[in-house]
*Asks:* 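Questions regarding the structure given below will be posed in turn.
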Amino acid sequence: MKRLLLVLVIILIATAVMAQTIDTKLLDLSGAKTSVAGPDKIYIRSIYYNGVELSVILKYDGGTGAVIYGPYYKADKQIPDKIDLGYVTFKIQDNNKIAISNIILNNRVAYSGVIKWEGGDKLNAETVWKSVPPKTKEQLLAELKEKNAALTSQYNKQAARLTAQIEKLKASQAASASKPSVQKKVQAFPEYTVFSGFKNGKALLGNWKTGYSTLSQTSVSQRFAKYSFNIIQNKPETLFGFTAESSVKEKIGYGLHFFASGEKTGSGYGFGQSFLVWLTKDPRYYQSKHTYLQLYRSYDDIKMVQIASISIPVSINSKIKTDIIYNRLDNLISVYINGQNKLNYSVVSPIRSGNKIALRALGGPVEFSKLYVKT
């Protein structure tokens, strides 16, 4: 603060001194520019006297005043007034050379060069060349503003596009909600019935009982209970359907093997070459009372691998309608629970044909009804 006050005092004193020796009516200081010219000097340029531009140097006299050097006219100047040293950088090249960059003349013409120390207090410009001027703060700010405006415009366009898509999706969902969507899906299923009911079946393992329109497995301890039916399966798209329910509150499971062939006894964990859609609940194993919908790939009577599993918001103790579509062309298995698509799986190891299907149960009692196959 003291130095700033000192500078102001020097300028005021200089102005007063000039006023004593010149006609102040001819003096124009409206465009005057000041800059520090050393540890004790101030350079004042763009002073106009009677229409002529001049400059002066004020040197601090050590007390409360200053000594005026000049005036200097345009023809006297060795260094132009319009020189910007605010972007200058220095880099030492070797023991006696320094590279200087970004000396800007006349606002936007930049020069760079190399100066060489000749010894003592002598420096000499070895080479000088025009260089690409650095961007000013104003230019950088303008670029940032332009980039921000472009990003804002892009964001607004994307937001408008997404909003339109969301509104379109909402309208589509609202229209779908007003239509019998489940019925529409069922209409897309294969409709030609090639098998239904529980006639001509065979109990392979477990305690099975057939009724007028039902099939029940009542053995509580049987883990691999199966009841098979002979049916050729080789169409591009086949629909399997059954309904089942169980009153067991703890561990229970049931499902359907399809596109099955090559089983030897039917009493093992697997069932030949086949797929198995399985619904199960096992609170101890899963640490949950949820019902799980699972898909298995059986390779023989022993080896069977789980390939998909999801939790579904349906109680296994309720009556559940399960529909399975196997599309051999797309290698896709889709499972519907009570008319709603819950699982779609792209088969890595497809099965092209089968000659049996088999209902299966883990424990009991489990009651099956409305078994059918359509193509």
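Side-chain atoms are counted along with the backbone in the values below, which use heavy atoms only and exclude waters and symmetry mates.
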*Asks:* Name all residues meeting the ring pair (Phe, Tyr, Trp, His ring centres under 6.0 Å) criterion together with Phe229; count only those two or more places apart in sequence or in a different chain, and write none if there are none.
*Replies:*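 Partners of Phe229 under the ring pair (Phe, Tyr, Trp, His ring centres under 6.0 Å) test: Phe195, Tyr227.
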
*Asks:* Suppose we screen for ring pair (Phe, Tyr, Trp, His ring centres under 6.0 Å). Which residues come up paired with Tyr292, at least two apart in sequence or across chains?
*Replies:*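 If we apply the ring pair (Phe, Tyr, Trp, His ring centres under 6.0 Å) test to Tyr292, skipping adjacent residues, the hits are Tyr286.
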
*Asks:* By the salt bridge (charged side-chain N to carboxylate O under 4.0 Å, His left out) test, which pairs, at least two apart or in different chains, include something from residues 327-354?
*Replies:*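 Matches after skipping sequence neighbours: none remain.
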
*Asks:* Which residues satisfy the side chain to side chain donor-acceptor pair (under 3.5 Å) test with Ser349, sequence neighbours excluded?
*Replies:*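 Expected list: Arg297.
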
*Asks:* Parallel, tilted or perpendicular for Phe258 and Phe240, by the 30°/60° rule?
*Replies:*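 The rings of Phe258 and Phe240 sit tilted, inter-plane angle from 30° to 60°.
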
*Asks:* By side chain to side chain donor-acceptor pair (under 3.5 Å), which residues pair with Asp28, not counting sequence neighbours?
*Replies:*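 With sequence neighbours excluded, Asp28 shows a side chain to side chain donor-acceptor pair (under 3.5 Å) to Ser30, given in chain and number order.
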
*Asks:* Are the charged groups of Lys321 and Asp323 less than 4.0 angstrom apart, N to O?
*Replies:*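 Salt bridge flag = yes for Asp323 with Lys321.
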
*Asks:* With sequence neighbours left out, write down each residue that passes side chain to side chain donor-acceptor pair (under 3.5 Å) with Thr291, or none if nothing qualifies.
*Replies:*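 If we apply the side chain to side chain donor-acceptor pair (under 3.5 Å) test to Thr291, skipping adjacent residues, there are no hits.
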
*Asks:* If you look only at distance, which donor and acceptor atoms sit under 3.5 Å apart when one is on a side chain in residues 204-215 and the other is two or more places apart or in another chain?
*Replies:*
from   : atom 1 : to     : atom 2 : distance (Å)
Asn207 : ND2    : Thr218 : OG1    : 2.9
Trp208 : NE1    : Leu205 : O      : 2.8
Trp208 : NE1    : Lys226 : O      : 3.3

*Asks:* Among all residues two or more places apart in sequence or in another chain, which pass the salt bridge (Lys or Arg N to Asp or Glu O under 4.0 Å) test with Lys41?
*Replies:*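 For Lys41 there are no salt bridge (Lys or Arg N to Asp or Glu O under 4.0 Å) partners, ignoring immediate neighbours.
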
*Asks:* Let me have the donor-acceptor pairs involving side chains of residues 142-150, under 3.5 Å, with sequence neighbours excluded, atom names and distances please.
*Replies:*
from   : atom 1 : to     : atom 2 : distance (Å)
Glu143 : OE1    : Lys135 : NZ     : 3.1
Glu143 : OE2    : Lys135 : NZ     : 2.8

*Asks:* Could you pull out every donor-acceptor pair under 3.5 Å between side chains of residues 298-305 and any protein atom, sequence neighbours left out?
*Replies:*
from   : atom 1 : to     : atom 2 : distance (Å)
Ser298 : OG     : Phe271 : N      : 2.9
Ser298 : OG     : Gly272 : O      : 2.7
Ser298 : OG     : Asp300 : O      : 3.1
Asp300 : OD1    : Ile302 : N      : 2.7
Asp300 : OD1    : Lys303 : N      : 2.5
Asp301 : OD1    : Gly272 : N      : 3.1
Asp301 : OD2    : Lys264 : N      : 2.8
Asp301 : OD2    : Thr265 : N      : 3.0

*Asks:* Can you list every pair that meets ring pair (Phe, Tyr, Trp, His ring centres under 6.0 Å) and has a residue in residues 303-331, with sequence neighbours left out?
*Replies:*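 Of all non-adjacent pairs touching residues 303-331, those that pass ring pair (Phe, Tyr, Trp, His ring centres under 6.0 Å) are Phe259-Tyr326, Phe275-Tyr326.
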
*Asks:* With sequence neighbours left out, what residues match Lys281 under salt bridge (Lys or Arg N to Asp or Glu O under 4.0 Å)?
*Replies:*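 Lys281 satisfies salt bridge (Lys or Arg N to Asp or Glu O under 4.0 Å) with no other residue.
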
*Asks:* Output the distance between atom CD1 (Ile312) and atom CD1 (Ile316), rounded to the nearest 0.5 Å.
*Replies:*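 Those atoms lie 8.0 Å apart.
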
